[in-house]
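Since the structure comes first, as structure tokens, the remarks are kept for the end.
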Amino acid sequence: MSPTTLPASLTRTSLRRLAHSRPTTCLLRTAAHRSITTSTTTPTRPSPTLQQPLRRATRQHQTRPLHYPAHPSSPSDAPFSPPELALLRAAYAHVPQHGFSAESLALGARDIGLLDISTNLLPNGDFDLIRYHLFTQREALVEKSRGLQGSVRDRVFELTWLRLLGNREVVGRWQEALAIMAQPSYVPASLSALHELVDDIWYLAGDVSVDPSWYTKRASLSAIYVSAELFMTDDRSAGFEETKAFLRRRFDEVGELSSVLGAVREWVSFSGSSAINVLRSKGVPTENISSLSEKREVDGLG
Amino acid sequence: MASRSPALRRALQTASRTQSCRSFTSTSATLTQPADYPTRHQPPTRDPSRPTHFGFETVTESEKQQRVASVFTSVAESYDRMNDLMSFGWHRVWKDHFVRTLNPGFSPLSSSPSGPQHILDIAGGTGDIAFRMLHQAHVLNHNPDVRVTVSDINPSMLAVGKQRSQELPATQQAALSWLEANAEDLNSVRPLHSDPNGPTSSIPDASVDLYTVAFGIRNFSNIPAALREAHRVLKPGGIFACLEFSKADNYPLFNAVYKRWSFSAIPMIGQLVAGDRDSYQYLVESIERFPSQEDFRDMIVDAGFVVGGRGYENLTGGVAAIHRGMKPRN
Ligand SMILES: C[S@@+](CC[C@H](N)C(=O)[O-])C[C@H]1O[C@@H](n2cnc3c(N)ncnc32)[C@H](O)[C@@H]1O
């Protein structure tokens with residue numbers, strides 16, 4: 001890398017990813033982009049092969065490059081450098097037995113002819129091993145999303161379930177992993193990984209609507225996912241049936257809740273604006289009222 | 001502080017008023033000079049008459065080495081106090097963190113031991129890093145099969161370190177060795193207190209697991225040469241790790257305050273504590289001249305190392321930083 005004079009928002013990793021990106025395997029998505037391209041009410045399901053044109057991100061919105069390489073098992077555009085990936089891949093094989101730990105990392109280092117001390121290549125050791133798991137599972141979901149049937153809701157359910165099954169191999173170690181992720185210095189990165197996953201699930205399920213429910217949908221799926229993941233770490237049932245039933249119940253609850261909320265919000269904004277129109281037609285100055293009603297809508301978004 | 005005599009307090013006050021202004025303005029004019037380390041665009045050669053910088057002065061390389069040596073001879077004793085002043089006492093926390101994250105001596109429990117681990121602590125001065133390494137490896141990781149070579153260009157620093165090491169448990173003392181070495185040329189080194197005219201030896205290629213340098217590298221006249229030597233002596237898979245004062249540029253206000261403190265107050269206090277203003281002035285300026293975190297990371301990569309993540313970790317808002325790199329296989 002040459003001496004950097006980069007805007008602070010561009011991390012080295014995101015740059016590396018940008019540098020490696022090819023339009024056919026890379027999709028730049030931003031909230032702004034979505035709101036532009038998805039104003040139609042009928043959701044059309046984007047194909048996972050992602051033939052959508054690469055769009056330029058508007059400046060005020062953060063660009064979030066996301067990669068769906070043809071072979072998810074060889075993530076060449078991963079947020080890790082090739083030497084890091086080699087070490088992580090080798091160490092990951094030891095996770096079922098030794099956890100997301102220094103032990104697994106050192107064993108992995110030895111497997112590929114490195115030294116015990118070589119694990120210092122990784123900036124955050126055990127947490128990097130967890131990030132590797134999150135990253136590879138997130139990528140694998142793209143393949144799994146092909147050919148899903150049913151409504152958006154059904155597909156969101158199915159994708160969430162498939163992602164949970166991605167923890168199967170390491171489920172005995174996942175409580176430890178959650179404890180590491182909850183360490184203060186790792187919380188921001190852990191939360192953004194969760195956010196990215198949930199975002200992917202809605203997207204891969206074909207939900208491209210941008211309306212006030214955008215945030216509620218993501219917030220509720222995050223909550224469901226986190227609780228189901230935790231439930232699964234204690235689930236001894238065959239094929240994790242109980243986790244699946246748990247997940248189903250959570251989905252049903254939220255289904256009722258969010259449709260109620262959605263209906264209320266719609267009613268409020270509709271009746272609000274029609275009330276303003278009535279007042280306007282009677283010549284009443286409405287600046288204050290309309291700014292109030294706008295504020296209410298913004299609050300509803302948050 | 002409270003127990004200080006009124007006379008000394010008055011002296012401190014006047015000194016800080018007059019000296020601080022002078023040193024700050026006189027040095028800030030030279031802040032824009034080009035950096036003194038050779039970049040990868042001009043392949044470094046060892047030429048004793050080549051101009052380099054001593055703080056903000058231009059001197060020849062050989063002169064710089066002599067002057068650096070004399071700086072550390074004059075401050076060897078009051079050296080800990082100086083570190084405390086320059087880092088507000090943080091350097092102990094940073095060193096602890098540096099050693100704990102490197103975790104020397106860690107070895108998988110579920111597998112057979114992999115033979116001795118050799119740590120080379122360059123510019124190891126008074127042994128601060130080496131002693132922590134031994135504690136982490138021998139005591140915390142229960143691995144006595146770790147030895148540390150402390151090396152420094154300056155025998156008086158090493159002598160202070162060796163003296164201090166007498167207080168360690170015997171097994172740890174036995175795991176230490178002391179070596180006079182210029183980091184830029186590890187092919188001619190000699191054991192501490194050996195005959196200065198006797199033959200020199202060489203640190204062999206691929207013989208070191210972990211190379212550390214803490215608060216030393218900014219003093220080297222030829223940093224790329226030192227990095228190349230680090231690469232040579234490390235085994236494939238070996239780790240280069242550097243702890244150094246750095247740039248807190250992300251926090252402009254903090255940085256400005258820190259700079260003002262270091263440029264004005266430290267040399268002045270140095271004069272009062274150690275009676276040697278110039279030495280401290282040099283130390284402060286050498287910090288200012290040291291490359292940014294990103295530039296130094298790039299120099300490490302240019303020397304043949306691979307780095308993980310962005311290649312460095314900022315400590316205390318970037319007042320110091322840890323850089324790590326691995327020598328890849330092949
Ligand atoms: C500030 S001290 C650091 C000592 C110790 N590592 C610590 O962290 O406490 C810097 C040391 O670098 C040494 N030094 C300067 N130039 C050197 C060189 N070219 N090769 C080896 N050591 C050098 C000095 O003699 C001095 O002991």
Side-chain angles (χ1 to χ4, degrees), chain A residues 1-16 78-88 90-91 93-99 101-129 131-132 185-186 189, chain B residues 35 39-41 101-115 117-119 137 141 143 146 208-212 234-241 249-250 291-299 301-302 305-313 322-330:
Chain A
M1 290 261 310
S2 53
T4 43
T5 45
L6 301 171
S9 62
L10 282 180
T11 63
R12 212 160 108 83
T13 325
S14 70
L15 267 186
R16 191 154 48 208
F80 303 101
S81 65
E84 287 177 285
L85 269 183
L87 176 55
L88 288 166
H94 296 279
V95 169
Q97 214 187 335
H98 299 289
S101 64
E103 181 85 4
S104 292
L105 287 166
L107 290 171
R110 288 184 178 193
D111 290 346
I112 56 171
L114 297 177
L115 312 168
D116 293 340
I117 199 81
S118 307
T119 57
N120 275 292
L121 171 66
L122 301 168
N124 296 308
D126 48 9
F127 185 62
D128 289 321
L129 198 49
R131 278 176 57 232
Y132 175 82
S185 53
Y186 299 147
Chain B
T39 66
R40 80 202 92 127
H41 307 298
T101 52
L102 285 168
N103 203 7
F106 178 83
S107 199
L109 290 170
S110 56
S111 181
S112 52
S114 61
Q117 197 175 67
H118 182 196
I119 301 170
N141 284 326
N143 184 351
V146 173
V208 173
D209 292 82
L210 173 60
Y211 173 117
T212 54
L234 278 167
K235 299 173 187 172
I239 293 288
F240 166 88
D249 289 346
N250 289 343
S292 72
Q293 284 89 323
E294 288 80 12
D295 289 346
F296 184 47
R297 187 256 333 276
D298 292 343
M299 292 168 75
V301 170
D302 287 344
F305 292 98
V306 292
V307 300
R310 58 183 182 169
Y312 63 89
E313 176 190 3
I322 292 174
H323 282 78
R324 296 190 293 198
M326 186 186 81
K327 177 177 176 172
R329 297 178 71 217
N330 319 322

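A, B, ... follow the sequence lines: proteins, then strands. Residue 1 opens every chain.
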NZ of B:Lys327 to CG of A:Leu114: how many Å apart, nearest 0.5 Å? 12.5 Å

Checking heavy atoms, do the side chain of A:His94, its backbone, both or neither come under 4.5 Å from chain B? neither

Between B:Pro236 and chain A, with a heavy-atom cut-off of 4.5 Å, which part of the residue counts as in contact: side chain, backbone, both or neither? backbone

Looking at B:Lys235, B:Glu313, B:Arg324, which makes the most heavy-atom pairs under 4.5 Å with chain A? B:Arg324

Any idea which of A:Leu105, A:Leu122, A:Leu107 has the most non-hydrogen atom pairs under 4.5 angstrom with chain B? A:Leu107

Quick one: what part of A:Leu121 sits under 4.5 Å from any heavy atom of chain B, side chain, backbone, both or neither? both

Could you pull out the closest heavy-atom pair between B:Phe106 and A:Ala106, with the gap in Å? CE2-CB, 3.9 Å

Give, as side chain, backbone, both or neither, the part of A:Leu87 having an atom under 4.5 angstrom from any heavy atom of chain B. neither

Which pair of non-hydrogen atoms, one from A:Asp116 and one from B:Pro108, has the smallest distance, and what is that distance? OD1-CD, 3.5 Å

Taking the side chain as every heavy atom from C-beta outward, state whether B:Met326 and A:Asn120 have any pair of such atoms under 4.5 Å apart. no

Residue, of B:Gly105, B:Ser111, B:Gly238, that accumulates the most heavy atom pairs under 4.5 Å with chain A: B:Ser111

Drop me the distance from A:Ile117's CD1 to B:Asp209's CG, to the nearest 0.5 angstrom. 7.0 Å

So, the part of A:Pro83 with a heavy atom under 4.5 Å from chain B: the answer is side chain

Please report the C-alpha distance between B:Ser107 and A:Arg110 in whole Å, then the side-chain angles of each, then the deciding distance to 0.1 Å, and finally whether the side chain to side chain donor-acceptor pair (under 3.5 Å) criterion is met. CA-CA 10 Å; B:Ser107 199; A:Arg110 288 184 178 193; 3.2 Å; yes

Where B:Gly237 and A:Ser118 come nearest, the two heavy atoms and their spacing: O-OG, 2.6 Å

